[in-house]
Amino acid sequence: MTTGQDIIDYNGKLVAHESEIANALVELISGALPEAQGKVWHGHPVWFIEGNPVVGYLSMKAGIRVLFWSGQSFEPGGLKPIGKFKAAGYDVPSVADVGNPALADWLAQARKIQWDYANIVKKKGVLDKLTDF
C-alpha cells in the first residue's frame, strides 16, 4: 500500500519526535493491514477495511495516541477505553514503543474484530458486529 500524500503531510506537520513515531506507525499499520485504505479523516490518519474505520492515530498533548475503533473488544486488555462506543487507545510515548508486541497483536485483532462504524449514523448510534468474533 502506498501512503497517501495527506498522511505524509499530516506527519510532516508534527514535531520531530512525534513525526518519527507517526512514520513508524504508518510502516507498521501498512505492513499489518495491507488491504486497509489509509487517509486523513476528521483531521487525523485513519485506516479502513471495506469502508469501516479500524485504526488511526492522532497527536495529543501527551504524545501520539493509536486508536482502535473496536479496541474494547480486543483480548487481552491493555487499551484504554475511549468514548461511549467500542473504541480504545494506546499512547505511544517513543518510537521504541511502536515495537511493542501488543501493538502488532492489536493490529491483527483490528482485522478480525470489527464493529460496524460505517453505518452508525444510519442506525442512529447502534453498533452491530461486522465480523464474527
Side-chain angles (χ1 to χ4, degrees):
M1 176 182 89
T2 304
T3 303
Q5 189 62 46
D6 55 347
I7 293 175
I8 294 168
D9 291 345
Y10 178 93
N11 291 354
K13 293 177 185 174
L14 299 172
V15 296
H17 74 280
E18 287 185 351
S19 181
E20 186 179 4
I21 294 168
N23 289 331
L25 285 169
V26 167
E27 189 173 318
L28 181 67
I29 294 167
S30 296
L33 301 171
E35 74 279 21
Q37 306 287 313
K39 66 180 178 180
V40 173
W41 185 60
H42 293 287
H44 60 276
V46 176
W47 280 259
F48 298 79
I49 295 177
E50 296 181 9
N52 197 51
V54 294
V55 65
Y57 61 85
L58 63 153
S59 175
M60 304 188 66
K61 283 186 180 182
I64 299 292
R65 174 171 290 163
V66 178
L67 178 68
F68 294 95
W69 267 253
S70 300
Q72 290 184 33
S73 298
F74 294 178
E75 293 292 334
L79 295 170
K80 290 190 287 188
I82 297 173
K84 64 180 183 177
F85 295 108
K86 301 291 183 182
Y90 169 71
D91 293 334
V92 184
S94 73
V95 73
D97 293 293
V98 175
N100 180 344
L103 188 53
D105 183 54
W106 294 325
L107 284 166
Q109 289 186 67
R111 174 186 291 116
K112 296 175 186 172
I113 299 172
Q114 292 184 48
W115 290 91
D116 187 5
Y117 280 93
N119 293 303
I120 194 169
V121 172
K122 183 169 68 172
K123 294 186 176 193
K124 299 183 181 178
V126 174
L127 276 177
D128 293 323
K129 285 185 177 181
L130 189 61
T131 58
D132 292 326
F133 59 92

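The residues of the chain are indexed from 1 along the displayed sequence.
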May I ask you to test the [X]-[Y] pair for a side-chain heavy-atom distance under 4.5 Å?
X	Y	value
Val46	Phe48	yes
Tyr57	Ile21	no
Gln114	Val54	yes
Leu107	Ile29	yes
Val92	Asn100	no
Val55	Leu67	no
Gln109	Asp105	yes

Inset, instruction - Examine Lys129 relative to Phe133 and say whether NZ or CZ is less than 6.0 Å from the centre of the six-membered ring and inside a 45° cone about the ring axis. - result: yes
Between [atom1] on residue [X] and [atom2] on residue [Y], distance to nearest 0.5 Å:
X	Y	atom1	atom2	value
Thr131	Glu50	OG1	CD	11.0 Å
Ile64	Ser59	CD1	OG	4.5 Å
Ser73	Lys112	OG	NZ	14.5 Å
Phe68	Trp106	CZ	CH2	7.0 Å
Gln37	Trp47	CD	CH2	11.5 Å
Thr3	Asp9	OG1	CG	11.5 Å

Do you know the tightest heavy-atom contact between [X] and [Y]?
X	Y	result
Arg111	Pro34	NH2-CD, 3.8 Å
Ile7	Lys39	CD1-N, 3.7 Å
Leu79	Ala88	CB-CB, 3.6 Å
Glu18	Met60	OE2-O, 3.8 Å
Asp6	Val40	OD2-N, 2.8 Å
Ser19	Leu14	N-CB, 3.8 Å

Inset, instruction - For the pair Gln72 (side chain) and Pro81 (backbone), establish whether a donor and an acceptor sit closer than 3.5 Å, ignoring hydrogens and angles. - result: no
Mind listing the side-chain donor-acceptor pairs of residues 119-126 below 3.5 Å, one per line with the distance, residues two or more places apart or on another chain?
| from | atom 1 | to | atom 2 | distance (Å) |
| --- | --- | --- | --- | --- |
| Asn119 | ND2 | Asp116 | OD1 | 3.2 |
| Asn119 | ND2 | Asp116 | OD2 | 2.9 |
| Lys123 | NZ | Asp128 | OD2 | 2.5 |

Legend entry - No-hydrogen, no-angle side-chain donor-acceptor test under 3.5 Å, Glu27 and Asn23: no
Legend entry - Trp69 and His44 aromatic ring geometry - parallel, tilted or perpendicular at 30°/60° bounds: parallel
Legend entry - Pairing of Arg65 and Asp91 as salt bridge, 4.0 angstrom limit: yes
Legend entry - Between Trp115 and Phe85, ring centroids under 6.0 Å: no
Inset, instruction - Just jot down the side chain to side chain donor-acceptor pair (under 3.5 Å) partners of Ser94, sequence neighbours excluded, or say none. - result: Asp97
Legend entry - Common cluster, Ile49/Leu130, ILVMFWY with side-chain heavy-atom separation under 4.5 Å: no
